[in-house]
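Structure, as structure tokens:
We're numbering straight along the sequence, starting at 1.
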Amino acid sequence: MYAGQAVTSSDRVAIELLAYAKSLADRGAVDVVSIPIVGDGGADSFDLLVGAGIAIGVGPVADPLTEVVGADLAIDDLRERQARLVGPRRDGS
């Protein structure tokens with residue numbers, strides 16, 4: 001759920017999106033991201049603003065999907081954004 005609109009993506013995308021949104025909120029920042037969704041005509045994308053002061057929610061759907069087209073690319077993008085935001089860990093990794 002985002003701004004009163006429900007969209008359907010994969011569990012893996014939702015997990016990464018929430019992790020990135022939390023990192024942004026912790027730093028008082030916002031960002032625009034695009035995630036893959038299942039639209040009326042099949043694969044589609046959804047752009048959303050995430051971060052500080054922005055409410056998003058995830059939950060189960062009646063017909064859960066195992067894969068969403070573009071999920072791996074979106075997950076990689078969200079992880080890269082979070083890595084840039086958080087920076088290297090103290091152990092150098």
Side-chain angles (χ1 to χ4, degrees):
M1 293 291 297
Y2 179 79
Q5 183 175 0
V7 295
T8 302
S9 191
S10 74
D11 288 346
R12 296 176 356 174
V13 170
I15 289 166
E16 293 301 328
L17 179 63
L18 287 178
Y20 182 50
K22 181 183 181 316
S23 293
L24 285 165
D26 289 347
R27 288 158 182 76
V30 296
D31 193 8
V32 176
V33 298
S34 182
I35 61 166
I37 64 168
V38 177
D40 293 337
D44 207 344
S45 65
F46 187 76
D47 298 334
L48 61 156
L49 183 68
V50 294
I54 300 166
I56 59 174
V58 299
V61 294
D63 186 17
L65 303 169
T66 56
E67 282 301 318
V68 173
V69 174
D72 290 337
L73 291 174
I75 290 166
D76 290 345
D77 178 58
L78 290 166
R79 287 178 179 169
E80 287 173 14
R81 288 172 187 253
Q82 185 161 359
R84 285 193 306 266
L85 182 68
V86 174
R89 296 189 313 209
R90 292 181 189 231
D91 64 5
S93 58

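- For the atom pair CG of L85 and CG of L78, the computed distance is 12.0 Å after rounding to the nearest 0.5 Å.
- Linking Ile, Leu, Val, Met, Phe, Trp and Tyr whenever their side-chain heavy atoms come within less than 4.5 Å leaves V13 and V69 in two separate clusters.
- Distance check: I35 CD1 to L73 CG gives 14.0 Å after rounding to the nearest 0.5 Å.
- L48 has its side chain within reach of V33: a pair of non-hydrogen atoms, C-beta onward, lies under 4.5 Å apart.
- The line from CG of L17 to OG of S9 is 8.5 Å long, rounded to the nearest 0.5 Å.
- The list of side-chain hydrogen bond (donor to acceptor under 3.5 Å, both in side chains) pairs with a residue in residues 71-80, not counting sequence neighbours, reads R12-D72, E16-R79, D77-R81.
- With V38 as the fixed residue, the side chain to side chain contact (heavy atoms under 4.5 Å, CB included) test singles out one of V68, V7, D44: V68.
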Without placing hydrogens or testing angles, list every side-chain donor-acceptor pair under 3.5 Å for residues 49-59, not counting sequence neighbours.
none

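- Contact between F46 and Q5 at its shortest, heavy atoms only, is CE1-OE1, 3.7 Å.
- Shown here are the side chain to side chain donor-acceptor pair (under 3.5 Å) partners of S34, two or more places apart in sequence or in another chain: D47.
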